[in-house]
Every structure is written in C-alpha cells, then in structure tokens.
Amino acid sequence: MAAATSHNVIVSAQSHRWNSKNSRLDRRTANVRLVSVGSCCSGNRKLGLVCASGSQSSVIDPVHLPSNGKGDHSPKKSSESSLILIRHGESMWNEKNLFTGCVDVPLTPKGVDEAIEAGKRICNIPIDVIFTSAMIRSQMTAMLAMMQHRRKKVPIITHKESEQAQSWSKIYSEDTKEQSIPVITAWQLNERMYGELQGLNKQETADRFGKEQVHEWRRSYDTPPPNGESLEMCADRAVSYFKDQVVPHLTAGKHVMVAAHANSLRSIIMHLDKLTSQEVISLELSTGIPMLYIFKEGEFIRRGSPVGPSEASVYAYTRNLATYRDTLDSMVQ
Ligand SMILES: O=C(O)[C@H](O)COP(=O)(O)O
C-alpha cells in the first residue's frame with residue numbers, strides 16, 4: 001500500500017533498514033512511514049533519494065572555503081544544512097556477536113574499512129561540526145571517515161571536561177582554527193546501556209531466554225533489558241541532547257555529522273522520521289553506513305545514503321550540495 005502526501009509517504013515495508021548491501025533504505029513488508037521522501041525529478045519515487053528542487057540558497061556558506069581566486073567564498077546566510085548520521089563500523093564485540101552497550105570496545109579491521117568507505121561516500125558533503133558519543137568506536141569511525149574528506153580540514157576533539165583541559169587545548173591561530181572541524185563528544189550519544197546482557201553472546205542469550213524475549217529487549221521501544229535501558233530511556237538522553245545541542249548548529253546553517261550507535265541513532269531517527277513505537281521495532285542500522293538528511297525550514301528531509309562520491313543522484317539532492325562539490329573540484333584544479 002502506498003499513500004502519499006506532499007512530504008509524507010506511507011510505504012509497505014517490514015524492515016525500515018539502512019543497510020550496507022544497497023546502501024539505501026531497504027523496504028520489506030510492513031507499514032513504515034517515510035518522512036519527506038517525495039518524488040524524484042523523473043516522477044519516480046526512490047526510497048531515501050530525492051532530486052533537487054533547485055530553489056535553495058547556498059549550502060557551502062558556513063564552511064568558509066578559502067578563496068581560490070575563482071570566486072568569493074565569503075559567508076552568506078544559508079537556509080539549509082546537511083546532517084549526516086553514521087553508526088560506527090564493526091566493533092570487536094560486534095564481530096564476536098556479544099551485547100556491547102556501554103562497554104567501550106574498539107573497531108575491528110573490517111570496522112576500520114567500513115569507516116574509510118563511509119568517508120569516501122561523504123567526501124564531497126560539507127561538514128562543519130562533528131558530534132560523537134564518548135566511546136572509542138564512534139570516535140574512530142568519525143576520524144577515519146574524515147581522513148577521506150576532500151576538504152582536508154582537521155577534525156579536533158574538543159576538551160571541555162575541566163577549565164585546564166579547555167585552556168591547555170586552546171588553538172592560537174585563527175587560520176589553523178579555520179582549517180579545523182570541532183569534534184564534540186557526548187556520553188548522551190552512547191549506545192543504550194544493555195544492563196546484564198553486556199558481554200553475553202547474542203545467540204546464547206536467545207537460546208537461553210527465547211528468541212522473542214531477546215527480540216523484545218533488543219528492538220522494542222519500552223521494554224528494557226534486565227537492569228538496562230529501553231530504547232525509550234535511551235531516547236530520553238540521546239534525543240534531548242540532539243534537540244538541545246545538535247539542532248542549534250543546524251539552525252545556524254552549520255553542516256553536522258553525528259557518529260554514534262545502533263540504538264542512540266535509532267532513537268534519533270525515530271524522532272526525525274516521526275516513527276511510531278511500533279514502526280521503530282523494524283528499524284535496523286548496519287555498521288558504517290552514512291545517512292544524509294537535509295535540514296530546511298525546521299524540517300528534516302531524509303535523503304538516503306550516498307553510495308559513492310561521484311554518484312550523480314547525491315548531487316541532485318539539492319543544488320547546494322552540487323555547488324559545494326564543484327567548489328571542491330575547482331580547488332584541486
Ligand atoms: O550494543 C550492542 O550490542 C550493539 O551495538 C547493538 O546491539 P543490538 O543490535 O542488539 O541493538
């Protein structure tokens with residue numbers, strides 16, 4: 001079934017999944033509401049991909065590109081900004097199929113590759129500020145992805161845990177600051193706390209407690225795992241943080257990347273895509289897949305996952321993304 005309003009589309013889908021195979025929203029078989037998917041230029045609706053309306057103002061302005069002698073890059077007010085969400089690459093406990101939650105484990109070599117691949121996909125998309133969780137796997141992912149970015153700004157973790165940390169990490173050159181991207185780390189974006197499941201093998205837990213029970217702990221909105229956080233509890237901190245700390249940057253015209261976790265991101269996507277507590281059950285996020293939203297006039301418009309840096313449709317999302325990519329092209333000529 002498919003009913004559509006101008007910015008709201010209901011599709012038949014069971015699994016609302018951002019996956020690594022086709023890198024786009026994959027639809028299966030139950031009702032899932034997709035927000036702002038809209039129609040492509042050709043009139044064909046593609047999940048997660050929309051062609052340009054062609055009416056937006058410059059998206060590159062807040063990035064402060066240095067003048068390359070081919071034009072003036074002085075900041076102008078932008079009416080839209082981009083938001084990239086990315087779940088960390090495969091962690092060493094993902095590989096072992098262990099419940100991880102708030103245990104701070106690093107990426108595997110495959111996770112490193114996923115982060116690098118993700119970076120290639122978003123290397124032409126403007127990024128002014130990065131948020132990560134307090135956990136190493138999301139920070140590794142953000143840093144590795146940024147190594148691929150064509151703008152070559154340096155991502156720098158901000159340290160505000162004490163006055164001394166703040167003053168000792170001060171940068172004394174405006175030019176150097178200009179060539180940096182602040183990375184803000186926040187525990188509120190951490191993975192949901194998995195309680196007494198942390199460190200347990202997922203398959204063994206399903207064998208012991210039953211598949212249905214474990215599925216409810218993992219995917220339901222309001223059933224917490226034993227002594228852990230439900231998605232609702234996780235949303236309480238992650239979505240509040242997103243609204244209080246991330247949205248103001250977007251409103252100011254900054255382009256933002258958030259590197260976080262399966263469940264902190266599920267709660268944020270639930271909020272952005274206005275999913276119900278039933279619909280969020282089938283929302284699955286693969287590791288290392290960047291997801292792009294455009295923030296415009298207070299609305300989040302989901303634009304799918306860029307497949308590659310030169311994928312034409314990415315730059316058909318908005319004229320502004322194409323302009324930004326063209327500016328990067330001209331800088332390397
Ligand atoms: O914490 C974990 O184990 C994973 O990062 C996410 O687990 P899930 O797929 O069980 O939500």
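Hydrogens, waters and symmetry mates play no part in the numbers below; they use all other heavy atoms, side chains included. Both counts, for ligands and for their atoms, begin at 1 and track the order of listing.
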At under 4.0 Å between heavy atoms, is it the side chain or the backbone of Y194 that contacts ligand 1, or both, or neither?
side chain

Check whether any side-chain heavy atom of K153 sits under 4.5 Å from a side-chain heavy atom of S180, and report yes or no.
no

Test item, R219 contacting ligand 1 (heavy atom, 4.0 angstrom)
yes

Output yes when D329 and R150 qualify as a salt bridge under the 4.0 Å nitrogen-oxygen rule, no when they do not.
yes

In this structure, does ligand 1 have an atom that sits under 4.0 Å from one of the heavy atoms of R266?
no

Report yes if some heavy atom in the side chain of T100 is under 4.5 Å from a heavy atom in the side chain of E191; otherwise report no.
no

Examine ligand 1 and decide if any of its atoms is less than 4.0 Å from a heavy atom belonging to L197.
no

Tell me every residue that passes side chain to side chain contact (heavy atoms under 4.5 Å, CB included) with H159, counting only those two or more places apart in sequence or in another chain.
I157, E161, A165, S169

Relative to the ring of Y293, is the ring of F300 parallel (under 30°), tilted (30 to 60°) or perpendicular (over 60°)?
perpendicular

With atoms numbered from 1 as shown, which atoms in ligand 1 lie under 4.0 angstrom from a non-hydrogen atom of L98?
3 (O)

With a 4.0 Å cut-off, would you call R137 and E90 a salt bridge?
no

At less than 4.0 angstrom from any non-hydrogen atom of R87, what atoms of ligand 1 do you find?
4 (C), 5 (O), 6 (C)

Step through it carefully: locate the ring centre of Y194, locate the ring centre of W217, and say whether they are under 6.0 Å apart.
no

Quick one: does ligand 1 sit under 4.0 Å from the side chain of N263, the backbone, both or neither, non-hydrogen atoms only?
side chain

Look at atom 1 (O) of ligand 1 and say which protein heavy atom is nearest, naming residue and atom and giving the distance to 0.1 Å.
G101 N, 2.8 Å

Considering heavy atoms of the protein only, find what lies nearest to atom 3 (O) of ligand 1 and give residue, atom and distance to 0.1 Å.
T100 N, 2.8 Å

Using a 4.0 Å heavy-atom threshold (strictly under), name the region of H261 that reaches ligand 1: side chain, backbone, both or neither.
neither

So if I count the atoms of ligand 1 from 1 in the order they appear, which ones are less than 4.0 Å from some heavy atom of R218?
8 (P), 9 (O), 10 (O)

If the contact criterion is a heavy-atom separation under 4.0 Å, does M193 count as touching ligand 1?
no

I281: which other cluster members, linking ILVMFWY side chains closer than 4.5 Å, directly or transitively?
none

Is the ring pair F242/H271 parallel, tilted or perpendicular, if the boundaries are 30 and 60 degrees?
perpendicular

shortest atom 7 (O) of ligand 1-to-protein heavy-atom contact is with K202 NZ, 3.1 Å

Relative to atom 5 (O) of ligand 1, which among M135, E191, E90, R192 owns the nearest non-hydrogen atom?
E191

